[in-house]
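Excluded from the calculations below are hydrogen atoms, water molecules and symmetry mates; all remaining heavy atoms, backbone and side chain alike, are included. Just so we're clear, the structure is a prediction, and the values are computed from it rather than from any experiment.
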Amino acid sequence: MQMQFPDKFDQFINSYIDQSTADNRGLVTLYDEEWISPCLVEPSTESLSKDSEVLWRPIRQNPSGTLNNIATALEMNIPEELSCLLGRYYSLDLNAKTSRGHLTILQAWNEHDFERLQKNLVAHVLMKRKLKQYDTLFFALTDEEDYVISVVPSSGEVVLEYVGKPPQEVLAPNLSKFIEQLSPIPTFATL
């Protein structure tokens, strides 16, 4: 039986956590009392000061966030895999590598951050439409400035695109195939 995308993404998340523990002391970020997240592992944040190092961990959203409001507002179908990728966990952005280089999968740190991410996706689609290009929805940044990795909603394909330009290259037929190519590279992260 072939593994479905949510299971593949869970497997990537678990590998990310496992590798962070094997490579260093776990997932660490700087504490910011104005940017709280359910991801924080610290038992009590009362004694923490700004910029104290704190442990964090991706945590499942309950219920999972969806992109249904974007789909309705923009009158488009959004692949379920993308909704899962962006709405399954609260997390800091996730660093990964492929044979072609490094990338950062965008994630939402908290509910407010998930709303911000959705607004950015809407702005991206509106820009694409203004430029008379077909719709894409970005989900990752590359190590090359102004290049993003996106999903084409009409086909589910994962593409590489320069911001403001049509996609240049198909990287995978869907997010399931794309996530299989990734190796997690957890690093010390800041907010």
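- At a threshold of 4.5 Å between side-chain heavy atoms, the hydrophobic network of Ile, Leu, Val, Met, Phe, Trp and Tyr places Val152 and Leu175 in two separate groups.
- Ser20 OG to Asp18 CG: the interatomic distance, rounded to the nearest 0.5 Å, is 7.5 Å.
- For Thr104, the side-chain hydrogen bond (donor to acceptor under 3.5 Å, both in side chains) partners are Asn95, not counting sequence neighbours.
- Residues Val170 and Val148 are members of separate hydrophobic clusters, defined by side-chain heavy-atom contacts under 4.5 angstrom among Ile, Leu, Val, Met, Phe, Trp and Tyr.
- Under the salt bridge (charged side-chain N to carboxylate O under 4.0 Å, His left out) criterion, Glu81 pairs with no residue, sequence neighbours left out.
- Residues passing the salt bridge (charged side-chain N to carboxylate O under 4.0 Å, His left out) test with Arg60, sequence neighbours excluded: none.
- With hydrogens and angles disregarded, no donor-acceptor distance shorter than 3.5 Å links the side chain of Trp56 to the backbone of Leu92.
- Note: the hydrophobic cluster containing Val159 does not contain Tyr147 (ILVMFWY, side chain heavy atoms under 4.5 Å, direct or indirect links).
- For Glu169, the side-chain contact (heavy atoms from CB on, under 4.5 Å) partners two or more places apart in sequence, or in a different chain, are Arg100, Leu160, Leu171.
- Applying the ring-ring contact (aromatic ring centres under 6.0 Å, His included) rule to Tyr134 yields no partners; only residues at least two apart in sequence or on another chain are considered.
- When side chains are defined from C-beta on, Trp109 does not count as touching Leu117, because their heavy atoms never get closer than 4.5 Å.
- Here the closest non-hydrogen pair linking Asp113 and Ala108 is OD2-CA, 3.5 Å.
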Side chains of residues 178-185: which donor-acceptor partners sit under 3.5 Å, not counting sequence neighbours?
unit_1	atom_1	unit_2	atom_2	d
Glu180	OE2	Lys8	NZ	2.3

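- Looking at Ser83, its side chain does come within 3.5 Å of a backbone N or O of Leu67 through a donor-acceptor pair.
- Put simply, the side chain of Asp93 gets close to the backbone of Gln107: a donor and an acceptor are under 3.5 Å apart.
- Taking CD1 of Ile13 as the start and CD1 of Ile105 as the end, the distance is 7.5 Å to the nearest 0.5 Å.
- No donor-acceptor pair closer than 3.5 Å links the side chain of Asp146 to the backbone N or O of Val163.
- Between Val54 and Val41, the closest side-chain pair of non-hydrogen atoms is not below 4.5 Å.
- A donor-acceptor pair under 3.5 Å is absent between the side-chain atoms of Ser150 and the main chain of Thr136, judged by distance alone.
- Between Lys177 and Asn174 there is a side-chain heavy-atom pair separated by less than 4.5 Å.
- Judged as a side chain to side chain donor-acceptor pair (under 3.5 Å), not a single pair has a partner in residues 71-80 (not counting sequence neighbours).
- Here Leu27 contributes atom CG and Cys39 contributes atom SG; the two are 9.5 Å apart, rounded to the nearest 0.5 Å.
- Counting only residues at least two apart or in different chains, ring pair (Phe, Tyr, Trp, His ring centres under 6.0 Å) contacts with residues 58-89 comprise Phe9-Tyr89.
- Atom CG of Leu86 is separated from atom CD1 of Ile70 by 8.5 Å, given to the nearest 0.5 angstrom.
- Summarising the geometry of Val151 relative to Pro153, their closest heavy-atom pair is O-CD, 3.3 Å, with the distance given to 0.1 Å.
- Residues Ile36 and Asp32 share a closest heavy-atom pair of CD1-O, 3.7 Å.
- Counted within 6.0 Å of CD on Glu111, heavy atoms from surrounding residues, nucleotides or ligands total 12 or fewer; the atom is thus considered open.
- In this structure Asn69 satisfies the side-chain hydrogen bond (donor to acceptor under 3.5 Å, both in side chains) test together with Gln118, sequence neighbours excluded.
- A chain of hydrophobic side-chain contacts below 4.5 Å, direct or via other Ile, Leu, Val, Met, Phe, Trp or Tyr residues, connects Leu141 to Phe114.
- Closest approach of Ser64 and Arg88 over heavy atoms only: OG-CA, 4.1 Å.
- Every side-chain contact (heavy atoms from CB on, under 4.5 Å) that Glu33 has, sequence neighbours left out, goes to Tyr31.
- Here Gln133 pairs with Lys128 under the side-chain hydrogen bond (donor to acceptor under 3.5 Å, both in side chains) rule; sequence neighbours left out.
- Applying the under-4.5 Å side-chain rule to Ile, Leu, Val, Met, Phe, Trp and Tyr, the cluster around Ile59 extends to Tyr90.
- Taken to the nearest 0.5 Å, the OG1 atom of Thr142 stands 10.5 Å off from the OH atom of Tyr162.
- The distance from atom OG of Ser154 to atom CD1 of Ile78, rounded to the nearest 0.5 Å, is 12.0 Å.
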